[in-house]
Amino acid sequence: MASSPKVKRTTKPRDGAQNLLRSQKDAYARLLNQHQNGKFRSYLQELAKQQVEESMSTSVSRSVNVVSRRKKGNSESSYSVDSLSSQQSRQMADASICLYTDKTSYQVTCTEDQGIKPGMLEKHAIMELHKATAPKKVPSKLQHKRNEEDIKMSSNLVGSEEGDSQQLSCSCGEEQAKNKSKKKRLKGNLVKKDEGECGPEVDLIIAGKSPNKNIKSPQTQASKESLPQSNKDKGTKGGRGSRKQLFEQYMCTEDVSAGLERGELMKGVLRINPKKYMEAFVPSPDGSADIFLDGIAARNRALNGDVVVVKVLPPEQWKAPDVIVEAHYNEDDEVIGKMKNVSLHDKGNELLLQHDFLYFDVVFIFEQKHSRAASGFLKFLPNKNFAMFSPVDHRIPRVNLPLADCPADFVSRPGDYENTLFICRITHWPADNNFAEGRLAKTLGQAGEIEPETEGIMTEYDVDFSEFSEEVLNCLPQDLPWSIPAHELSRRRDLRKECVFTIDPATARDLDDALSCKQLSDGNFEVGVHIADVSYFVEDGSVLDQIAGKRATSVYLVQKVIPMLPRLLCEELCSLNPLTDRLTFSVIWKLSPEGKILSEWFGRTVICSCIKMSYDHAQSMIEAPDKHFSAEELPPCSPNHRIHEIQEAILDLHNIAKQLRAQRFEGGALQLNQLKLSFTLDKESSMPQGCYVYQYQDSNKLVEEFMLLANMAAAHQIYRTYPELAILRRHPPPQSKMVDDLQEFCDQMGLDIDFNSSGGLHRSLNENLGNDVYAAARREVLTHTCSRAMQMASYFCTGALKDENSFHHYALNVPLYTHFTSPIRRYVDVIVHRLLAASLNCGPPLSLSIEEVHKLASHCNDRKTASKRVQESSSELFFAVFVKECGPLDSEAMVVGVLDQSFDVLVLRYGVQKRIYCNSLEGLKAVHFRKVGKRPEMTLVWEQGDPSKESTQQEISIFTLLDVQLKADGAPMKYSAVLKRPSAYV
């Protein structure tokens, strides 16, 4: 194998690394505090001007060199980790040196061929700052004019990172190249490249010739650093004038509309890579691939989730792609991947671009979906009348906010607030500043504690967790205890004597669905799905209806639920509690034993559930069909129905559900279930005492089949009656470009996976991965891989989407689908109930227009996505606490993805995915990465315990089984995964 270019480490020996960084940090902080004056700023002005003049003449030739060097490393890379300190390597990814300079207002750039030794960093800073003392007169009033304009100046760090550290990255060339470039060392600008959790990349760029399109020229870079312009440029004598814009001005709405109509512009939802916040993506109009936005300037102040309008950049502003292309997925289409060989054809002007990469800029924010709120930490800035807010989420910019918003003693005792979480809201992001401006909204409490962290999560995703107002509560029945009015009973089908029961999680309190089943004399079955009639209590247009529509969904956290409706409704009057008369909306079928639908009836009903069963109760009956269960083994049961009758109904439902399920998958349905983590909590403190992977049982599948059947029946009913106003749920097919890449990847892995249809994919995942003990783990890994290409399911108004083929639900492989079965926790279901009632002439006619239903569907999509993010964040929070309290935790893991200097694993015992960084592994000598077609592979070279023996190699690729350890990090709510050194190599 040909040797690949190596990245040399420029770290000090193990003993001195920690002291080195500390001395650098202290030196910079001390020197910069001493030189926050006019002379220093004047020097920086001259330096910026000098860079402009020197770099313009050489930009083309040097940028070509950068691109060619990058392309050489695309297929294979290696590096040595011999000299890494084990403690320091965990914090300095990719062999870079982290330089903490919170208060700097300039950057240092090296040429790509040069290297800067760690020991020279402090000396370099001293030399630069010493030059600032040159006898250059600056009007003294510049020193005092630090008021509101200072908020636009603080520092040049874009985005936020852990530790608020500026990162100095050097790519070391040969020693001869170093010596030749020493004289140029003080003339450049260091450009930081984010690596998210990976840390900084080993990457040097020439001043003004970075492959990053955002650094187009020294003029642009100087303005991005918020450097003061020279007096000549300012046009004012001794004062501050306007500075060059860092971001484009937004297009006007008329031009945006015209550009979209002509096909010159494209609109979509912005997604920012949570691990590399410099990268962002917008789905292409045809759904075939993702549009790539490179850098913060390209996003033009848009935040994650915003609906943006983008345009293609001129070809001269494109760059060569990075070595590694990575992707992540979750159910709501969090697909993060770069485009290669993308072909976008836009109908308006037949825009057809075929290149390795297309580069776009945001020119307009169509809709601000992001809440503009964030949790984070306050940073004190000496000699400033504002503080800096550093968000926990790196995708959100740092924010300058008035000191008046901060705690009273923050200026005198900033250290007291280092570990305090705050909520900040962005109010403005000027076009000439890397930092946004905002106001401090709330002090949450100590970082690392569950409740402050939880409140921060909910605030960021704009979850309304306030108590319901008196005006809302006045909409509820006031005469308690409430009973069903006689006139309402007369309008409904009375099912109170039927054997109706609920099956839910053991801890559920909002029971919105019930089942019934009885065998008929002809051998067929009458099966009913009975859903809480929430629309009876939530009157259309009432204050209660408005707040429910605004919340749109209940939010399920690990330790609690934020309800969509007041608890009187969701836990009592609407909840189908046992032995209580309840109003319901029912669909009742006559089914054959094989699951064939012989007849169907929809209508409003009244039921009385005979028992509240958990999934475990129902599962025990399924697993022991001949067992006679005693009353002590089950929850309280109605005396009107024997336990044996309930057991027979559950077994009959189970048998029919198996038939329905088989028919669904034979018909081409797809299910990509991913592991879900559950917790056991202390009843008093709500702290996690244990965690486990939730087991999806036959009882879960039983309920799922009949809920799916009811939802499909409701979809057909409302669409037949209201073809323009029906609110349905669609699921587009996966992105074609990513499917092609996955097909090639699986072929090279020797996996026979059929991506031609949803049904073919489902069969492949369940039949072609073996039958050994790790087959389920391989299925999870491949499910994760295949899920990358999947798009998001969404609600829509049928009148707003004219093509009926686009109504199709890809995963279920059905033409029409909606949500009907959970009105207590989903507002869309309430609307579907109203549509159903109107279609059956048992409710008032619907007063909504197509536009109103369309907006409602869009809002419910947004809130459903936010709810899912909050739920995931809550689970991550509790697992981090569990690792901290109970760790380290050992487990087997399987590799799901390989990058050049890290790899992702699925931790089998806990169902979590985590990235392992090679430079955090003690005893690791070297890493060699390669790609064979689409298949990434890595070789780890381990040091032997006996120095006289040769190093030993360990191969890492997809499906490799490893032993890992999860352990808490120093930062609150953070934990890391470390590969346990194979025992054979110790």
Side-chain angles (χ1 to χ4, degrees), residues 271 274 304-305 328-335 369-371 373-375 392-393 395 450-466 504-510 512 548 550-565 570 615 672-681 686-688 690-696 700 704 707 729 783-784 787 790 792-795 819 821-829 859-883 907 910-914 973 975:
R271 302 189 315 275
N304 190 61
H328 299 279
Y329 165 84
N330 64 41
E331 181 181 292
D332 287 307
D333 193 29
E334 187 67 29
V335 181
K369 296 281 190 178
H370 192 281
S371 67
S375 62
V392 173
D393 187 346
R395 297 170 295 180
I450 286 178
E451 287 309 314
E453 296 278 358
T454 297
E455 186 174 342
I457 292 168
M458 291 191 293
T459 304
E460 286 183 30
Y461 287 99
D462 205 19
V463 173
D464 183 358
F465 54 92
S466 63
D504 289 281
T507 57
R509 300 169 69 179
D510 50 352
D512 47 17
K550 181 181 178 183
R551 295 194 177 199
T553 180
S554 294
V555 180
Y556 290 83
L557 307 168
V558 171
Q559 78 278 31
K560 59 184 175 181
V561 178
I562 308 301
M564 181 182 78
L565 298 169
C570 63
Y615 285 116
L672 295 177
N673 284 335
Q674 294 183 300
L675 299 180
K676 177 184 176 183
L677 194 60
S678 294
F679 298 87
T680 55
L681 304 180
S686 293
M687 291 289 285
C691 63
Y692 57 94
V693 175
Y694 184 79
Q695 296 300 314
Y696 194 68
N700 300 85
E704 178 188 34
M707 296 304 114
R729 188 162 177 83
T783 295
H784 166 79
S787 295
M790 295 300 160
M792 173 177 58
S794 61
Y795 302 114
H819 278 161
T821 56
S822 298
I824 290 178
R825 63 183 178 91
R826 285 190 308 234
Y827 188 70
V828 162
D829 301 53
H859 175 69
C860 289
N861 286 330
D862 295 339
R863 298 320 306 156
K864 183 175 176 63
T865 300
S867 174
K868 190 174 189 304
R869 298 283 188 270
V870 170
Q871 184 175 344
E872 292 167 346
S873 299
S874 177
S875 182
E876 292 167 3
L877 168 64
F878 271 77
F879 188 68
V881 172
F882 180 72
V883 173
V907 183
Y910 301 105
V912 298
Q913 292 185 26
K914 203 66 180 170
M973 299 298 115
Y975 69 95

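When every heavy atom of Asp512 is checked against every heavy atom of Ser822, the shortest pair comes out as OD2-CA, 3.3 Å. Heavy-atom minimum distance, Pro823 versus Leu565: O-CD1, 4.3 Å. Between Ser686 and Leu681, the shortest heavy-atom contact is O-CD2, 3.8 Å.
Distance alone, capped at 3.5 Å, places no donor-acceptor pair between the Ser867 side chain and the Arg863 backbone. A donor-acceptor pair under 3.5 Å links the side-chain atoms of Ser554 to the main chain of Met564, judged by distance alone. The backbone N or O of Ile457 lies less than 3.5 Å from no partner atom in the side chain of Ser873, so there is not a single donor-acceptor pair. Remark: the backbone N or O of Gly911 is not paired with any side-chain donor or acceptor of Gln913 at under 3.5 angstrom. Within the 3.5 Å criterion, the main-chain N or O of Thr821 finds a donor-acceptor partner in the side chain of Asp829. Panel note: side chain Ser794, backbone Asn861; no donor-acceptor pair is recorded below 3.5 Å. Checking side-chain atoms of Arg825 against main-chain N and O of Pro563 turns up no donor-acceptor pair under 3.5 Å.
With Tyr461 as the aromatic partner, Arg869 does not meet the cation-pi criteria of under 6.0 angstrom to the ring centre and within 45 degrees of the ring axis. With a 6.0 Å cutoff to the six-membered ring centre and a 45° limit on the axis angle, Lys914 counts as a cation-pi contact of Tyr975.
Side chains of Ile450 and Pro688 form a contact here, defined as non-hydrogen atoms less than 4.5 Å apart. With a 4.5 Å cut-off on side-chain heavy atoms, Ile562 and Arg551 count as touching. Looking at heavy atoms from C-beta onward, Gln559 lies in side-chain contact with Phe878 at the 4.5 angstrom threshold.
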(message) Checking Glu876 against Val912 for the side chain to side chain contact (heavy atoms under 4.5 Å, CB included) test, could you report, in this order, the C-alpha distance in whole Å, the side-chain angles of both residues, the deciding distance, and whether it holds?
(response) CA-CA 9 Å; Glu876 292 167 3; Val912 298; over 6 Å; no
(message) Assess the residue pair Lys676 and Glu872 against the criterion (salt bridge (Lys or Arg N to Asp or Glu O under 4.0 Å)); give the C-alpha distance rounded to whole Å, side-chain angles, the decisive distance to 0.1 Å, and a yes or no.
(response) CA-CA 10 Å; Lys676 177 184 176 183; Glu872 292 167 346; over 6 Å; no
(request) Begin from the C-alpha positions of Tyr910 and Phe879 and carry the test ring-ring contact (aromatic ring centres under 6.0 Å, His included) through to its verdict. (result) CA-CA 9 Å; Tyr910 301 105; Phe879 188 68; 5.5 Å; yes
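Salt bridge annotation for Lys369-Asp862: present, with a cationic side-chain nitrogen under 4.0 angstrom from a carboxylate oxygen.
Using bins of under 30°, 30° to 60° and over 60° for the plane-to-plane angle, the ring pair His819/Tyr795 lands in the perpendicular bin.
No side-chain donor-acceptor contact under 3.5 Å links His859 and Tyr827. For the residue pair Glu460 and Ser375, a side-chain donor N or O sits within less than 3.5 Å of a side-chain acceptor on the partner.
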